[in-house]
Amino acid sequence: MFDSLNDQQKKAVEICDKNLLIIAGAGSGKTKTLTYKIAYILKNNLAKPWEILALTFTNKAADEMKDRVANILDTSIDNFYIGTFHALSLRFLRQIGKKYTIYDKHDQEMLVKEIITYLNLDKNKFQPSKVASYISKIKNSSNLEFPTKEFERIYKIYEEKLESNNAVDFDNILIKFIEELKNNDKLRQNFQNQFKFILIDEYQDTNNIQYELIKEFYNGDNRIFAVGDEDQSIYAFRGANINNILSFSNDFLPCEIIKLEKNYRSTKNILNIANTIITHNKTRIGKNLYSDISGVEPVIKEFATNKDEAYFVSNQIKNILMQNDNSSIAVLYRNNNLSRIFEEYFMQFGIAYKKIGAHKFFDKKEIKDILSFIKIAYNEKDDVSFIRSIGNFGGIGLKTIDDIKKIAIDLNTNLFIAASTLTQKKYAKVARFIEFVKILQKKLEFGNISECLKFVFDEVFSDKNFYRQDIRQSNIGELIEFAKNMDIESFMENASLYDYSQSIDGENNLSLPNVSLMTIHAAKGLEFDHVFIVGLNEGILPSLYQDSVIEEERRIMYVGITRAKKTLYLSYYLSDFHNSFIPSRFLKEIAVNKTQLKRYRIGETINHKDFGKGIILNVKEKPLELKVNFFKYGLKILTENDIF
DNA sequence: GTCACTGTCGTTTTT
DNA sequence: CGACAGTGAC
């Protein structure tokens, strides 16, 4: 059974008496190694299934690991603790009787917005989405430093509100659980003793909170097996700390580092490009991926416009599909905005495709609207869901909701309780809303969530045009179907943590199209026969010009390239009809005689980090010198060094 | 006071 | 495209 492993993989599977950091290059059989390691532990009786903890970042990865473990062991995986950091933490919290409403990014922003209005702060200066992501950033970095006094106030009230709403945001799921472990020696020791082996996937993506959680689980007697690839760390924006992987061998002793450098996915040519680009990064442990597979040279293409690019890609895909309809094809891009033009052209060309990510099912308005009623019934203290649900109930507007907010402040209580005190005639609608939620609570006690959802839809939404549109109807139907046979707890968890638009199982379902559109982030961990990476323009990939993020942008490029098995197309365009672009610097890093890359042209508009937009009047090569007329700052001469 | 309609604006990546 | 502010009809 272990014969199919190469020497390095075998080592990684068999060493169980030390902590292990497995540096697994793209396509080097990472998941295989992890799952075989679990099998090895069980076969040799080193632990029982429930003594193994496997932590992943995405549900997709957790599902895949569950599947593959079940496959090679030919047994049920019910006894295993395999899941995302968030899902498992929530599960453990529930086991000790702690239940919370989960606020997703959108809910978070609503709460922040409420606080900003409450504090009378300028909404343009304090944009809820920016403030919300900054709050998350602060929580993930262990030192609490606030840019301004106002910000500090927002943060404090935000945390208080979560507490009084009996809610947690994504970060707090882990923070709460860590608190419990820190405050309860018995509990912590129980976990430490139970989990003899802790496997962590994508270790390069752990943030400070996740790192702290791992530390809580570790007692020196149990063993940590971390698998990761510093070159594929692309979540720093979310707080991932690449130092965690770089300093693993200091943190967990005794420790051994094993590198998996043989790639079974891509051709030599593709890996050459990937290796060439990534060696420009300084923050690395360092490795060199190699492959035995030969194939065609990757293609670099320039297009005048993004439409030309989309046309070319569609044409190529059509050709591939005509030759062999079994191969998998992906169009990858840095951000979701780029997908639209491809969707248009795919329709024109009659190419069936699936778009991954972008709009999550549980983020859809009609879903969130209906769910808000279930959530307020489930947890009366949930002010965010209160505002959303009462606003949709009908006949209750902003003025009334403002009145309720004032009462809640006076009585120092939640909105639902405040609203329950209103008995005057002019608040009859509010009383009806309260009554409705109470009926819903009774219905929820019986546990049939599907029926509750249908009840909410019939009573509140069914006569509104928006919710009667076909797409919304089918989404709502899907929600009701999804909830069947689910208890309220797992329904809430699934609705908050599980993005099942990403879990489409392409391999087992032949009716699904073989062409996928997605961001490079969403493509991580996946592989395709033919890959098109599009929009390789400065300002798109890399998306930002600061040095601090350039290495991360380069890793994103690297992740994209290493998704390809057989053929790879890299392309950029010079204009999207709003802006002009120059090719990505990453193309310059690989394009040594292959291709001539035109970087600047007389007459084109460029966007400079300090001077804004301007028109190029003259170009001199070697050394590069640009004469640019900036709209705001007038004439400037730029050399290579101050262009970016 | 509530609601539906209209125009404008921005948009990295995600558990 | 979707969120959001502003406007006018009931």
Side-chain angles (χ1 to χ4, degrees), chain A residues 55-62 83-90 102-106 108-110 113 123-124 127-130 132-133 136-137 139-140 168-174 201-202 205-207 209-210 213 232-240 332-341 343-344 355-360 362-366 368 390-403 426-427 429-430 464-466 471 493-494 496-499 501-502 518-524 535 539-544 549 552-553 555-557 559-560 576 578-579:
Chain A
L55 297 162
T56 67
F57 275 81
T58 61
N59 295 295
K60 199 169 65 188
T84 63
F85 277 88
H86 293 85
L88 284 174
S89 296
L90 198 70
I102 299 164
Y103 282 174
D104 66 13
K105 199 184 158 212
H106 193 269
Q108 252 186 79
E109 284 172 18
M110 293 312 238
K113 204 170 142 193
K123 267 182 204 146
N124 296 315
Q127 284 174 33
S129 60
K130 297 250 168 74
S133 64
S136 176
K137 217 172 224 170
K139 285 194 204 185
N140 282 304
V168 286
D169 59 21
F170 285 133
D171 299 318
N172 274 18
I173 295 174
L174 304 192
D201 194 14
E202 309 274 13
D205 287 331
T206 46
N207 64 25
I209 300 175
Q210 285 152 339
L213 179 58
Q232 294 188 68
S233 164
I234 56 174
Y235 285 99
F237 72 94
R238 204 175 77 190
L332 307 179
Y333 35 76
R334 176 65 176 86
N335 63 56
N336 274 308
N337 314 340
L338 295 188
S339 73
R340 239 171 95 186
I341 194 145
E343 294 190 75
E344 275 172 32
K355 191 174 149 192
I356 313 288
H359 293 293
K360 292 184 198 162
F362 285 98
D363 281 350
K364 291 178 199 293
K365 177 172 159 54
E366 63 272 26
K368 281 189 103 50
I390 200 171
N392 277 318
F393 189 64
I396 302 163
L398 287 178
K399 188 70 187 56
T400 306
I401 297 175
D402 260 355
D403 292 348
K426 68 168 181 170
Y427 291 124
K429 285 263 167 60
V430 175
K464 291 182 182 160
N465 281 331
F466 178 85
I471 324 160
E493 180 189 323
N494 276 293
S496 309
L497 295 181
Y498 203 84
D499 170 18
S501 67
Q502 292 220 349
M518 68 185 92
T519 63
I520 297 174
H521 282 84
K524 195 159 155 215
I540 295 181
L541 210 184
S543 73
L544 298 166
V549 295
E552 172 136 329
E553 295 291 314
R555 289 192 290 265
I556 294 170
M557 179 82 177
V559 168
D576 68 357
H578 296 290
N579 294 302

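We name chains A, B, ... by the order of the sequence lines, and we start the count at 1 in each one.
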Once you apply a heavy-atom cut-off of 4.0 Å, does [X] come out as touching a base, just sugar-phosphate, or nothing?
X: A:Leu398; result: sugar-phosphate
X: A:Phe170; result: base
X: A:Ile520; result: nothing

- prompt: Does the cation-pi check pass for A:Lys365 over A:Phe466, that is, NZ or CZ under 6.0 Å from the six-membered ring centre and within 45° of its axis?
  reply: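 Yes, A:Lys365 and A:Phe466 form such a contact.
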Distance check needed: [N] [atom2] versus [X] [atom1], whole Å only.
X: A:Ile396; N: B:dT2; atom1: CD1; atom2: C1'; answer: 11 Å
X: A:Asp205; N: B:dT13; atom1: CG; atom2: P; answer: 16 Å
X: A:Lys130; N: B:dC9; atom1: NZ; atom2: C1'; answer: 13 Å
X: A:Lys365; N: B:dA4; atom1: NZ; atom2: P; answer: 11 Å
X: A:Phe466; N: B:dC5; atom1: CZ; atom2: P; answer: 13 Å
X: A:Asn337; N: B:dT13; atom1: CG; atom2: C1'; answer: 11 Å
X: A:Phe57; N: B:dT14; atom1: CZ; atom2: C1'; answer: 11 Å
X: A:Lys524; N: B:dT15; atom1: NZ; atom2: C1'; answer: 12 Å

Considering only side-chain heavy atoms of [X], which listed nucleotide, [options], is closest?
X: A:Asn335; options: B:dT14, C:dC4, B:dT12; answer: B:dT12
X: A:Arg334; options: B:dT12, B:dT11, B:dT15; answer: B:dT12
X: A:His86; options: B:dT12, C:dC1, B:dT15; answer: B:dT15
X: A:Lys399; options: B:dT15, B:dT13, B:dT2; answer: B:dT2
X: A:Thr400; options: B:dT12, B:dT2, B:dT13; answer: B:dT2
X: A:Phe237; options: C:dC1, B:dT11, B:dT13; answer: B:dT13

Report task. Please check the phosphate of B:dT12 (OP1 and OP2 only) for any side-chain N or O of A:Asn336 closer than 4.0 Å. Result -> no
| said: Does B:dT14 have OP1 or OP2 under 4.0 Å away from a side-chain N or O of A:Thr519? | reply: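 Yes, such a contact exists.
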**Asked** A:Phe85 stacking on B:dT15: centroids under 5.5 Å, ring planes under 30°?
**Response**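 Stacking is absent between B:dT15 and A:Phe85, given that the ring centres and planes do not meet under 5.5 Å and under 30°.
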Considering only heavy atoms from C-beta outward, does the side chain of [X] approach that of [Y] to under 4.5 Å?
X: A:Ser89; Y: A:Leu213; answer: yes
X: A:Asn207; Y: A:Arg238; answer: no
X: A:Leu541; Y: A:Glu553; answer: yes

Exercise. Going by atom types only, do A:Asn336 and A:Lys355 share a side-chain donor-acceptor pair under 3.5 Å?
Worked result: no
Assert: residue with more 5' nearest nucleotide on DNA chain B, out of A:Ile234 and A:Lys426, is A:Lys426
Nearest heavy-atom contact between A:Gly560 and A:Leu332 is O-CD1, 4.0 Å
